[in-house]
Peer 1: 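If you scroll down you'll find the structure; I have some questions about it.
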Amino acid sequence: MLTFFSMRWSQSFIPTVREAPADAEVASHIFLLRAGYIRQVAAGLYEYLPLAWRSLLKIQAIVRREMDTIAQEFHMPALHPAELWQASGRWELMGGNLFRLKDRFQRDLCLGMTHEEAMAALAAKELRSYKQLPQIWYQIQTKFRDEPRPRSGLLRVREFIMKDAYSFDLNEAGLDVSYQKHDRVYRRIFDACGLRYVAVEAHSGAMGGSQSQEFMVLGEAGEDLVALCAACGYAANLEKAQAHPAPVADPEAAGGAPEEFATPHQRTIAEVSALTGEAPGRLAKSLVYMVEEESGPEAVLVVVRGDDEASEAKLGTALGGREFRPARPEEIVDATGAPPGSVGPVKARRPLRILADHALRGRHHLIVGANREGFHLRGVTPGEHFTPEWADLREVRSGNACTKCGAPLTVSKAIEIGHIFKLGRKYSHALGVSVQDEAGSAAEPIMGSYGIGIERILVAAIEQNCDKSGFWLPRSIAPYSVIVTPTNLGDAAIAAASERVVAALTAQGEDVLFDDRDERAGVKFKDADLIGIPRRITVGKKAAQGIVEVVDRATGAMREVEMSAIERADW
RNA sequence: CGGGGCGUAGCGCAGCCUGGUAGCGCACCUGCCUUGGGCGCAGGUGGUCCCCGGUUCAAAUCCGGGCGCCCCGACCA
């Protein structure tokens, strides 16, 4: 474990401020600034001041301690030659998110946003035999991403510290083992950091990945959405989550052909629903996307229930990883014959590939756009009047029934603090990782990749442990484990008692911050409440009688304690 | 990339509409006072008013262009 010297506040740089800059909005951002943890350099770039760095070092120490039980630590360059990323195809794929630069010889380089390529390239040079497998390699290193919109203080930044790990196994069974090891170690890490978190099934991405799990801390500041079942524990990122939609009753089947009717000013689901008196769930919503095929962009019709939203993450999965984007209005007219608002799956101008959500399966006599401006169709039955490919395309909503147990799901915002991911052989193949197997033939190892956002652990801890006055960090990751606050250093008894307490605590291995500033007690209390230290020992009026106060920051609970007990480490 | 907001002292803001000496609170420095929840009194330091250009006798203020930062959306291994 890390050990630090105890510090006197008067000799420390802890620039607390009463008012945070007006552009900070989320709690962790406001408090990190006010508590003197960070300062901003530019959008998404922050300076870490001593309090922040002490905390981040403790987090890294925990990560290292646990990771070392299953993996070996490396340190890779942050600066990568373009060839590495060209080999995997991500030089093009990453677009503007990849920081690019040229060296003095005009060679292309980039700053690593992650290290699959770098680690795979090393593995390709060095691994020869299946006997060397499995390997799990990790590092704690700075990552660079040119985010389109950095935000919320340290939550989404352009330069940050990540623990990233990569496993190399001969086969899927081996990968399962490596993946499970990370699952266990990640839980130990987050437990040790004192976080309340949930592991959720995650979208495994368009290419290659077969299984993926994210570790989430629930909170309003989060950028992700997760669906949770309180009854059975099902938890999934909304990009992946499944649930039963609310039931909708269709009329008695009567057969017959669809019937066109005028909807001159009704374009949205709500408007058509109001006109017809039918519930939104009786309509089908049709969206047009342009999908990159070998032959060029092709229009694809995506159909979901009227009261559902289509999930682009799920659509990506259904499309097998092809690039796609919403169609522009002229492309919609060209493909279907109608503008947005009148589009439907029946009788499009051109034959279209149609993807429909499972929630429409077995439904009948629905209302859809007529592919004629200002008209809709009623009496449309999927499978009879149009033939879709069925897929999971709907976004789960709060209240939908859990597919495992039927209980209602809740959807919550969450901060992603870690992600474990079965990568497959994409990078092994692209970078040429190959070993000889038992039979002497060439085998491409299968990879996993595993990340933890170091700063996000700090951010999440603040988000879940704060009030109006400041925050309190779990002792394991707090910059100091205890703050000693004399109320008046001008009082000789208080001064002497404070020094005794600080010396005793330091000898016990506590990281002590001694607030020896010549400030009024009120100022010191306010600062102590602000800066995230979990416990305070106040040395005040009763110091002369050998009594001090121990205050728990989280609860505010105060106990009077004999100084002799402090010195016996019995407090 | 689409939409919105904001740039004046370290921080929070006023002044701008209606052009004419750049202001307030906090912080900071000095002294006194006070000493259990951001105490009080007195004195003081600190400004390319984001940048460039234009209009004008005169620009923080009006006009044009640019840059930066924040928020919503899109995007996000």
Side-chain angles (χ1 to χ4, degrees), chain A residues 15-26 29-30 33-34 36 39-46 85 88-91 93-98 110 112-119 143-153 155-158 160 162 164 166 202-209 212 214 221 223-224 237 239 312-313 316 321 323-326 328 416 419-421 423 426-427 447-451 453 468-470 485-491 494-495 515 517-530 536 538-543 548-549 551 556 558:
Chain A
T16 59
V17 288
R18 282 196 209 188
E19 290 179 285
D23 48 24
E25 293 194 357
V26 308
H29 188 197
I30 292 169
L33 288 165
R34 286 196 52 210
R39 291 293 184 258
Q40 184 176 33
V41 178
L45 297 176
Y46 290 87
W85 289 70
S88 68
R90 293 208 296 180
W91 182 261
L93 203 63
M94 282 302 120
N97 263 31
L98 189 62
C110 65
M113 46 196 296
T114 177
H115 280 69
E116 280 83 2
E117 285 87 351
M119 283 289 193
K143 298 287 189 269
F144 299 87
R145 297 181 187 185
D146 197 359
E147 293 289 343
R149 187 150 93 77
R151 78 189 103 181
S152 306
L155 196 53
R156 183 160 217 86
V157 290
R158 295 194 293 172
F160 61 97
M162 177 187 264
D164 51 317
Y166 307 88
H203 181 56
S204 19
M207 318 253 279
S212 152
E214 291 164 335
E223 304 181 291
D224 287 279
N237 192 306
E239 294 180 341
E312 293 201 346
E323 297 281 299
F324 64 95
R325 60 171 171 80
R328 290 188 282 268
E416 180 187 345
H419 194 172
I420 61 178
F421 193 92
L423 261 187
K426 175 184 170 181
Y427 296 94
M447 288 178 66
S449 109
Y450 316 87
K468 278 155 284 309
S469 307
T485 306
T487 56
N488 179 7
L489 275 179
D491 179 314
I494 291 176
D515 193 351
R517 295 174 300 170
D518 181 21
E519 290 284 356
R520 296 172 62 84
V523 172
K524 298 199 218 182
F525 291 153
K526 291 287 186 191
D527 272 343
D529 289 346
L530 174 64
R536 184 179 84 211
T538 306
V539 183
K541 292 190 203 83
K542 293 189 178 173
V548 298
E549 296 165 9
V551 183
M558 186 271 277

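By convention in this document, chain letters (A, B, ...) are assigned in the order of the sequence lines, proteins followed by strands, and residues within each chain are numbered from 1.
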Peer 1: Rounding to an integer number of angstrom, what distance separates B:rU48 and B:rG68 when you compare their C1' atoms?
Peer 2: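 B:rU48 and B:rG68 have their C1' atoms separated by 16 Å.
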Peer 1: Suppose we define a pair by two distances each less than 3.5 Å, Watson-Crick or G-U wobble; what does B:rC6 pair with here?
Peer 2: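 The base-pairing partner of B:rC6, which may sit in any strand shown, is B:rG68.
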Peer 1: Are A:Ser212 and A:His203 linked by a side-chain donor-acceptor pair shorter than 3.5 Å?
Peer 2: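 No, because no side-chain N or O of A:Ser212 sits under 3.5 Å from a partner of the opposite role on A:His203.
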Peer 1: Can you check the distance between B:rG73 and B:rG10, where both ends of the measurement are the P atom (answer in whole Å)?
Peer 2: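 The same atom, P, in both gives a distance of 33 Å.
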Peer 1: Which pair of heavy atoms, one from A:Pro150 and one from A:Gly44, lies closest together, and at what distance?
Peer 2: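 Scanning both residues, the minimum pair turns out to be CB-CA, 3.6 Å.
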Peer 1: State, yes or no, whether a side-chain contact exists between A:Val548 and A:Lys542 at a heavy-atom distance under 4.5 Å.
Peer 2: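 No, every pair of side-chain atoms sits at 4.5 Å or beyond.
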Peer 1: Are any of the side-chain heavy atoms of A:Arg151 and A:Glu25 separated by less than 4.5 Å?
Peer 2: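 Of all side-chain heavy-atom pairs linking A:Glu25 with A:Arg151, none is under 4.5 Å.
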Peer 1: Can you tell me the Watson-Crick or wobble partner of B:rC1, both distances under 3.5 angstrom?
Peer 2: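 In the structure as shown, B:rC1 has B:rG73 as its Watson-Crick or wobble partner.
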Peer 1: For B:rA27 versus B:rA22, give the span between their P atoms, rounded off to a whole number of Å.
Peer 2: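 That atom pair is separated by 26 Å.
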Peer 1: Measure from NZ on A:Lys524 to C1' on B:rC39 and round the result to the nearest Å.
Peer 2: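 It works out to 15 Å between those atoms.
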Peer 1: Nearest whole Å is fine: how far is B:rG37 C1' from A:Asp529 CG?
Peer 2: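 Going from A:Asp529 (CG) to B:rG37 (C1'), I get 8 Å.
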Peer 1: For a quick check, with a 4.0 angstrom heavy-atom cut-off, what is the B/S/- contact string for nucleotides 23-34 of chain B, read 5' to 3'?
Peer 2: --BSS------B
Peer 1: Taking protein heavy atoms under 4.0 Å as touching, what does nucleotides 67-76 of chain B look like 5' to 3' if B marks base contact, S marks sugar-phosphate-only contact and - marks none?
Peer 2: --SSBBBBBB
Peer 1: Say we look at B:rC32 and B:rC71: how far apart would their C1' atoms be, to the nearest angstrom?
Peer 2: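 Their C1' atoms lie roughly 47 Å apart.
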Peer 1: For atom C1', what is the distance between B:rU8 and B:rG3, given to the nearest Å?
Peer 2: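 Between the two C1' atoms, the distance is 27 Å.
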Peer 1: What I want to check is whether the side chains of A:Asp527 and A:Thr16 have a donor and an acceptor closer together than 3.5 Å.
Peer 2: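 Side chains of A:Asp527 and A:Thr16: pair found under 3.5 Å.
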Peer 1: What are the two closest heavy atoms between A:Ala20 and A:Arg34, and how far apart are they?
Peer 2: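 Reported closest heavy-atom pair: CB-CG, 3.6 Å.
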Peer 1: CZ/A:Arg158 to CD/A:Glu147 distance, rounded to the nearest 0.5 angstrom?
Peer 2: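 Those atoms lie 9.5 Å apart.
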Peer 1: With a 3.5 Å limit on both atom pairs, tell me what B:rA60 is paired to, counting Watson-Crick and G-U wobble, or say none.
Peer 2: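 Base partner found: none.
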Peer 1: Are the side chains of A:Thr538 and A:Val551 in touch, meaning some heavy atoms are under 4.5 Å apart?
Peer 2: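 A:Thr538 reaches A:Val551 side chain to side chain.
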Peer 1: Measuring only the C1' atom in each nucleotide, how far is B:rC26 from B:rG46? A whole number of Å is fine.
Peer 2: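 It works out to 14 Å between them.
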Peer 1: Can you check the distance between B:rG12 and B:rG7, where both ends of the measurement are the P atom (answer in whole Å)?
Peer 2: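 It comes out at 11 Å once rounded to the nearest Å.
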Peer 1: Could you tell me the Watson-Crick or G-U partner of B:rU34, where both distances fall under 3.5 Å? Say none if there is no partner.
Peer 2: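 Across any shown strand, B:rU34 pairs with none.
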Peer 1: So which nucleotide does B:rU18 pair with, by the Watson-Crick or G-U wobble rule with both distances under 3.5 Å?
Peer 2: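 Partner of B:rU18: none found under 3.5 Å.
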Peer 1: Sequence neighbours excluded, which residues qualify as side chain to side chain contact (heavy atoms under 4.5 Å, CB included) partners of A:Ala543?
Peer 2: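 For A:Ala543 the side chain to side chain contact (heavy atoms under 4.5 Å, CB included) partners, ignoring immediate neighbours, are A:Ile494, A:Ala497, A:Val539.
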Peer 1: Whole angstrom is fine here: how far is it from CG in A:Asn488 over to P in B:rG37?
Peer 2: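 In whole Å, B:rG37 P and A:Asn488 CG are 12 Å from each other.
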Peer 1: According to the Watson-Crick and G-U wobble definitions, with both distances under 3.5 Å, which nucleotide is paired to B:rC39?
Peer 2: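 Pairing partner, where one exists within any strand: none, as none qualifies.
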Peer 1: Searching all strands shown, indicate the nucleotide that pairs with B:rA27 (Watson-Crick or G-U wobble; both distances under 3.5 Å).
Peer 2: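 Checking every strand shown, B:rA27 finds no partner, since no pair has both distances under 3.5 Å.
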Peer 1: If we take the C1' atom in both B:rG15 and B:rU61, what is their distance in whole Å?
Peer 2: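 Approximately 9 Å lies between the C1' atom of B:rG15 and that of B:rU61.
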Peer 1: With heavy-atom distances below 4.5 Å as the criterion, would you say the side chains of A:Glu117 and A:Tyr427 are in contact?
Peer 2: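 Yes, side chains in contact.
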